[in-house]
**Q** 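There's a structure below that I have some questions on.
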Amino acid sequence: MRIYFDYNATTPLIPAVVDAMSAAERELFGNASSVHFFGQQAKAAIDNARSSVSSLIGADPSEVVFTGGGTESDNFAIRGAAEALEPTKRRHLIASAIEHEAVLNTLKALARRGWKTTLIPVEQSGIVSPDRLREVITDETAIVSVMHANNEIGTIQPIAELAAVAHEHGALMHTDAVQTAGKIPVDVRGLGVDLLSLSAHKFNGPKGVGALWVRRGTRMQSIQTGGKHERGRRAGTENVPGIVGMGVAARLSADKMTPEAARVGALRDRLEEGILGSVGSTTINGARASRVPNTTNISFDRVEAESLLIALDLEGVAVSTGSACSSGTLEPSHVLRAMGFPPHRTQNSLRFSLGVFSTDAEVDRVIEILPRLVEKLRGLTRKPQVAATS
């Protein structure tokens with residue numbers, strides 16, 4: 001049995017998406033900017049997908065800009081808004097300390113251009129407090145960026161409250177909703193944000209396509225020069241099959257969201273209870289009451305996470321130590337570090353993230369094999385007994 005519990009890294013395509021993309025590859029080969037039949041046929045498919053994506057987040061289709069993925073959406077949101085505001089006195093950017101690297105590294109890049117940047121610390125629950133934002137925001141703040149839910153621990157942030165604080169000071173509010181769109185209800189109006197990023201491959205759509213929602217009237221500077229595609233906001237010939245796939249995935253996610261969230265949430269809870277009950281010295285990281293339903297992050301005391309990940313993989317179980325974009329490094333999780341955990345805990349934690357194809361049998365299998373693997377790894381780290389000398 002091969003078990004995939006790494007849905008926060010990426011999700012498998014569902015058959016309806018594959019079928020729609022295959023048909024688009026065969027039939028929608030026209031350039032959507034062309035005025036002839038073939039071009040207008042492609043444009044109609046893009047418009048249909050735009051409507052599906054906008055419905056998923058409670059937006060108007062004209063406010064949705066298709067991009068190459070979540071990273072580009074985050075870059076476009078922050079760079080585009082920052083460059084539009086550059087002539088003003090607002091030269092300050094704020095983000096939480098647990099953002100995805102697409103946000104953190106964009107702030108670093110803008111800091112090298114003279115922008116002031118501030119990272120808000122989080123509580124040990126993983127929650128960003130609106131009071132912490134009030135402490136650091138000023139009338140020079142241009143943009144506040146806080147992710148809707150964290151990709152490593154799954155905690156959902158009080159975005160509406162944070163947006164209200166940002167707007168009190170005249171700042172724009174951006175949220176990275178890559179880990180929430182398609183999993184839980186996302187309503188851009190209810191959240192009160194100005195910019196929202198999402199990515200198709202996080203809700204069973206294709207890789208290489210995402211979207212940025214831009215509230216009507218928000219000043220943005222295109223970060224990609226070229227033609228007038230996407231109403232002049234994102235140059236480049238549209239990826240029609242990818243956009244079509246994203247549209248289908250968005251529509252299907254919206255249709256099944258409530259029952260699927262309940263099903264996956266029950267599986268996640270049973271997995272947690274089984275692990276905590278059968279493996280000693282384990283702890284859940286982050287607030288358990290306010291999380292996306294598919295994610296749990298668990299610390300295994302006296303176990304190196306990378307070793308346990310490899311041991312699980314050899315048993316056919318795929319999990320992760322955190323963000324896939326940071327894998328391959330020896331650095332401890334910046335998310336757990338920002339939550340104030342000691343060094344050993346930032347390096348002994350695994351993320352289990354479930355999804356549409358996850359089953360009871362898979363959960364049972366993981367609960368069955370984990371105690372043996374953890375006990376073996378802990379045994380390797382125990383100090384050998386030294387014989388007494390007379």
**Q** Are Phe203 and Phe66 linked, directly or through other ILVMFWY residues, by side chains that come within less than 4.5 angstrom of each other?
**A** yes
**Q** Please answer: with hydrophobic residues joined when any side-chain heavy atoms are less than 4.5 Å apart, are Val366 and Leu377 in the same cluster?
**A** yes
**Q** As an exercise, state the distance from CD1 of Ile143 to CH2 of Trp115, rounded to the nearest 0.5 Å.
**A** 6.0 Å
**Q** Going by an N to O cut-off under 4.0 Å, is there a salt bridge joining Lys89 and Asp139?
**A** no
**Q** Hey, mind stepping through Ser333 and Glu152 against side chain to side chain donor-acceptor pair (under 3.5 Å) and telling me if it holds?
**A** CA-CA 9 Å; Ser333 164; Glu152 293 191 25; 2.6 Å; yes
**Q** Using the side-chain contact (heavy atoms from CB on, under 4.5 Å) rule, take Thr141 and Val144 through it: C-alpha gap first, then chi angles, then the decisive distance, then the call.
**A** CA-CA 8 Å; Thr141 303; Val144 176; 4.1 Å; yes
**Q** Before accepting this row, confirm whether a basic side-chain N of the pair Asp6/Arg351 lies closer than 4.0 Å to the acidic partner's carboxylate O.
**A** yes
**Q** Of all residues at least two apart in sequence or in a different chain, which pass the side-chain hydrogen bond (donor to acceptor under 3.5 Å, both in side chains) check with Lys207?
**A** Thr10
**Q** Does any pair with a residue in residues 173-196 pass salt bridge (charged side-chain N to carboxylate O under 4.0 Å, His left out), and if so which ones, sequence neighbours excluded?
**A** Glu63-Arg189, Asp194-Arg215
**Q** If every non-hydrogen atom of Ala42 is compared with every non-hydrogen atom of Gly30, which pair is closest and at what distance?
**A** CB-O, 3.4 Å
**Q** Give me the atom names and distance for the closest heavy-atom approach of Ile223 to Gly80.
**A** CG2-N, 3.8 Å
**Q** Spell out, yes or no, whether Leu267 and Leu276 are grouped together once hydrophobic residues are joined by side-chain heavy atoms under 4.5 Å, including indirect joins.
**A** yes
**Q** Please answer: with hydrophobic residues joined when any side-chain heavy atoms are less than 4.5 Å apart, are Val186 and Leu212 in the same cluster?
**A** no
**Q** Looking only at heavy atoms, what is the nearest atom pair of Ser96 and Val128, with distance?
**A** CB-CG2, 3.7 Å
**Q** Mind running side-chain contact (heavy atoms from CB on, under 4.5 Å) on Leu196 and His174 for me, showing each step along the way?
**A** CA-CA 6 Å; Leu196 181 142; His174 165 248; 5.8 Å; no
**Q** Are Phe357 and Tyr4 near enough that their ring centres are under 6.0 Å apart?
**A** no
**Q** According to the salt bridge (charged side-chain N to carboxylate O under 4.0 Å, His left out) rule, which pairs have a member within residues 287-296, sequence neighbours left out?
**A** Glu272-Arg288, Glu272-Arg291
**Q** Would you list the pairs meeting salt bridge (charged side-chain N to carboxylate O under 4.0 Å, His left out) in which at least one residue belongs to residues 44-55, sequence neighbours left out?
**A** Lys43-Asp47, Arg50-Glu230
**Q** Any chance you could lay out the side chain to side chain donor-acceptor pair (under 3.5 Å) test for Thr118 and His92, step after step, and finish with the verdict?
**A** CA-CA 8 Å; Thr118 301; His92 180 220; 2.8 Å; yes
**Q** Give me the atom names and distance for the closest heavy-atom approach of Ala338 to Ile98.
**A** CB-CG2, 3.7 Å
**Q** Less than 4.0 angstrom from a charged side-chain N to a carboxylate O is my criterion; do Arg372 and Glu375 meet it?
**A** no
**Q** Compare every heavy atom of Ser33 with every heavy atom of His229, then report the nearest pair and how far apart it is.
**A** CD2-OG, 3.4 Å
**Q** Take Met21 and Val248, measure what side-chain contact (heavy atoms from CB on, under 4.5 Å) needs, and give me the verdict at the end.
**A** CA-CA 9 Å; Met21 292 180 66; Val248 173; over 6 Å; no
**Q** Under 4.0 Å between a Lys/Arg side-chain N and an Asp/Glu carboxylate O for Glu83 and Arg113?
**A** yes
**Q** Does the side chain to side chain donor-acceptor pair (under 3.5 Å) test come out yes or no for Ser299 and Asn285, once each step is laid out?
**A** CA-CA 7 Å; Ser299 284; Asn285 295 318; 3.0 Å; yes
**Q** Should we count NZ of Lys376 as having more than 12 external heavy atoms under 6.0 Å?
**A** no
**Q** Can you see which heavy atom on Ala305 is nearest to which on Ser349, and at what distance?
**A** CB-O, 3.5 Å
**Q** For Ala289, which residues count as a side chain to side chain contact (heavy atoms under 4.5 Å, CB included) partner, sequence neighbours excluded?
**A** none
**Q** Can Asp364 and Arg270 be counted as an ion pair, charged N to O under 4.0 angstrom?
**A** yes
**Q** Hey, what else clusters with Ile127 if you join Ile, Leu, Val, Met, Phe, Trp, Tyr whenever side-chain heavy atoms sit under 4.5 Å?
**A** none
**Q** Salt bridge check: are Glu368 and Arg365 linked by an N-O gap of less than 4.0 Å?
**A** yes
**Q** Spell out, yes or no, whether Phe76 and Trp213 are grouped together once hydrophobic residues are joined by side-chain heavy atoms under 4.5 Å, including indirect joins.
**A** no
**Q** Might you work through the side-chain contact (heavy atoms from CB on, under 4.5 Å) test for Leu195 and Met173, ending with a clear yes or no?
**A** CA-CA 6 Å; Leu195 300 154; Met173 182 73 197; over 6 Å; no
**Q** Name the one of Ile298, Leu309, Leu370 that satisfies side-chain contact (heavy atoms from CB on, under 4.5 Å) with Leu350?
**A** Leu309
